[in-house]
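To start, the structure itself, in structure tokens.
Note that ligands are numbered from 1 as they come in the structure, with each ligand's atoms numbered from 1 the same way.
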Amino acid sequence: MTSNPFLTERLQGFGTTIFTQMSALALETQSVNLGQGFPDTDGPEEVAQAARHAIRNGHNQYPPLPGIPSLRRAVSEHRARFRGQEFDPNGEIVITAGATEALAAAMLALTGPGDEVVTFEPYYDSYAAGIALSGATRRVVTLRAPDWTFDLDELRAAFTADTKAFLLNTPHNPTGKVFTRDELALIAELCCEHDVVAITDEVYEHLVFDGVHHALATFPGMAERTLTVSSAGKIFSFTGWKVGWACGPADLVTAVRTAKQFLTFAGGGPFQHAVAVGLRLGDDFYVDYTAQMQAKRDRLSAGLADAGLDVLPTQGTYFASCDITSIGETNGIDFCLTLPERAGVVAVPSMAFFDNQDEGASIIRFAFCKKNEVIDEAIARLKAGLS
Ligand code: PMP
Ligand code: GLN
């Protein structure tokens, strides 16, 4: 990668995100885009209608810095209803410009030069950038295919006297792993033992097909040290609205809010009103949504296997991964760059999410949050192109 003389030292090497690159490639080659994870259908009509209503009714100026009160109350009710967590809407919740801003603001507010942040690899790309922006150092612990387990000794060794924060993502992008209760209990113990803040990215919390989603903040000793992050983008299939939130003890949330006020201050006014409506939808919506996405997971996974790919199990999220070793390939980046030409399909090389490139070299990720006919078209193309 060529370096940009204008780009600050901290951001050297970050270039353009893999999602942007692969979506551009899909457009350029007219490929079926199973790269960037965004749904190709809108979310619930009543939520879209609430946004239109809010725009028509004058909710178009800056919302308050922490978010509109009715959304903070809705987030509080949602966390209590689904996770058994208690947050005071006044002080323990801040509404952000998507989970991305919550995570970046958390890094900027809670960590700095000399601090270390532990996270698993593969990791969602903004984690590395957020840690770099804050000047802290990341230490990664590898999740290994095919079941994406980790070595407990490696995890223990990653915690040092300088560890300031542990950044967890469950359900996990890009692997589709849902961390088990036992794994989370171990992580919680280490966070408590080393007096470390946990930041949990739970944006796929309603996309769990196998296993159960547990919030790290609900483990003993964790409520007082955990910032829980989630986002309406993934819950309601309105990823462009960029409404997210961070919940936690008042001091943690105040710290995040302090950084957040100088990033965007506030945003998404009318969408905040709509998300408040969405979070209060009945259980039917949530059950149907998970079932629909599970059927898509099954449809794509079966099709990829039919096309001769070695599909790894995925328990949640929008994503299914494949190991391309079984088809005689070793380098996911090369494979994904030539796949449009070979098959007219775009996937994402998981290597982009690893520090230790060898660990993820042969893994690629497909998004299944697409219309059935789009999934079927991709499968037909892959069958023809890879045979
Ligand atoms: N975390 C993970 C794991 C993601 O996959 C994404 C992408 N949706 C985000 C955070 C960012 O979420 P948002 O679009 O709400 O900023
Ligand atoms: N979260 C999406 C993914 O993992 C991408 C979002 C983005 O492009 N920043 O594919």
Side-chain angles (χ1 to χ4, degrees), residues 14-27 33-40 43 67 71 75 94-107 119-131 143 148 167-179 199-208 213 216 227-247 256 260 263-264 267-268 271-272 275 278-279 293 314-321 336 346-354 360 363-370:
F14 281 95
T16 303
T17 81
I18 190 72
F19 310 118
T20 305
Q21 288 180 50
M22 297 318 281
S23 280
L25 184 64
L27 214 60
N33 187 0
L34 300 190
Q36 194 177 22
F38 61 90
D40 56 0
L71 177 55
V75 169
V94 59
I95 306 303
T96 54
T100 307
E101 189 194 34
L103 293 164
M107 288 303 140
T119 195
F120 288 108
E121 70 168 0
Y123 49 75
Y124 181 59
D125 67 345
S126 83
Y127 298 1
I131 296 167
L143 298 172
W148 305 111
L167 176 48
L168 176 79
N169 173 213
T170 185
H172 184 266
N173 179 9
T175 65
K177 175 186 175 74
V178 175
F179 282 76
I199 301 158
T200 67
D201 174 350
E202 305 183 16
V203 300
Y204 298 102
E205 61 180 304
H206 287 290
L207 292 175
V208 174
H213 174 64
L216 187 64
L227 190 75
T228 302
V229 173
S230 196
S231 166
K234 299 295 146 66
I235 304 178
F236 301 113
S237 308
F238 288 118
T239 58
W241 289 8
K242 296 295 278 189
V243 175
W245 45 89
C247 315
V256 172
K260 180 247 174 345
L263 295 174
T264 57
F271 301 124
Q272 292 197 19
V275 171
L279 289 172
M293 213 55 94
T314 185
Q315 299 163 299
T317 73
Y318 279 165
F319 309 110
S321 297
C336 287
V346 159
V348 164
S350 297
M351 237 197 245
F353 311 116
F354 280 89
I363 312 288
I364 60 169
R365 187 198 84 171
F366 291 92
F368 51 74
C369 47
K370 306 291 176 184

query = Less than 3.5 Å between some nitrogen or oxygen of Phe19 and one of ligand 2, yes or no?
reply = no

query = How long is the gap from CG on Leu168 to CD on Glu202, to the nearest 0.5 Å?
reply = 7.5 Å

ask   = What about Asp201: any of its N or O atoms under 3.5 Å from an N or O on ligand 1?
value = yes

ask   = Side chain or backbone of Thr100 under 4.0 Å from ligand 2, or both, or neither, by non-hydrogen atoms?
value = neither

ask   = Are Ser23 and Asn33 linked by a side-chain donor-acceptor pair shorter than 3.5 Å?
value = yes

task = Under 4.0 Å, heavy atoms only, figure out whether ligand 1 is touched by the backbone of Glu101, its side chain, both or neither.
result = neither

query = So which protein heavy atom does atom 8 (N) of ligand 1 come closest to, and at what separation?
reply = Lys234 NZ, 1.7 Å

task = Look at atom 16 (O) of ligand 1 and find which of Thr96, Asn169, Thr100 reaches it with the closest heavy atom.
result = Thr100

message = Looking only at the aromatic ring of each residue, does the gap between the centers of Tyr318 and Tyr204 stay below 6.0 angstrom?
response = yes

request  = Report yes if some heavy atom in the side chain of Gln272 is under 4.5 Å from a heavy atom in the side chain of Ile95; otherwise report no.
outcome  = yes

ask   = Does the N or O separation between Ser231 and ligand 1 drop below 3.5 Å for any pair?
value = yes

request  = I would like to know whether Asp201 and Tyr127 meet side-chain hydrogen bond (donor to acceptor under 3.5 Å, both in side chains); could you show each step before the answer?
outcome  = CA-CA 10 Å; Asp201 174 350; Tyr127 298 1; 2.6 Å; yes

message = Tell me the nearest of Thr20, Leu34, Asn173, Thr17 to atom 4 (O) of ligand 2, using heavy-atom distances.
response = Asn173

ask   = Can you tell me which residue and heavy atom of the protein come closest to atom 2 (C) of ligand 2, and the distance to 0.1 Å?
value = Gly37 O, 3.8 Å

key: Residue Arg365 vicinity, atoms of ligand 2 by number, heavy atom under 4.0 Å   = 3 (C), 4 (O), 10 (O)

ask   = For Trp148, which of Lys177, Gln315, His172 qualifies under side-chain contact (heavy atoms from CB on, under 4.5 Å)?
value = Lys177

task = If you have a sec, work out which protein heavy atom is nearest atom 9 (N) of ligand 2 and how many Å separate them, to one decimal?
result = Tyr124 OH, 3.3 Å

query = Quick one: does NZ or CZ of Lys370 land under 6.0 Å from the six-membered ring centre of Phe38, within 45 degrees of the ring axis?
reply = yes

task = Mark up the atoms of ligand 2 that fall under 4.0 Å of a heavy atom belonging to Lys234, in ascending order.
result = 1 (N)

query = Which bit of Phe319 is near ligand 2, meaning a heavy atom under 4.0 Å away: side chain, backbone, both or neither?
reply = side chain

query = Any side-chain donor-acceptor pair under 3.5 Å between Thr100 and Lys242?
reply = yes

For ligand 1, the portion of Ala99 having any non-hydrogen atom under 4.0 Å away = both

request  = Kindly indicate whether a cation-pi arrangement holds for Lys234 with Phe236, taking the cut-offs as under 6.0 Å to the six-membered ring centre and within 45° of the axis.
outcome  = no

ask   = Between the side chains of Glu205 and Ser230, is a donor N or O closer than 3.5 angstrom to an acceptor N or O?
value = yes

note = Atoms of ligand 1 under 4.0 Å from any heavy atom of Asn173, numbered from 1 in the order shown, are 3 (C), 4 (C), 5 (O)

query = Where's the contact between Lys242 and ligand 1, heavy-atom distance under 4.0 Å: side chain, backbone, both or neither?
reply = side chain

request  = Do me a favour and list the nearest non-hydrogen protein atom to atom 5 (O) of ligand 1 with residue, atom name and distance?
outcome  = Tyr204 OH, 2.6 Å

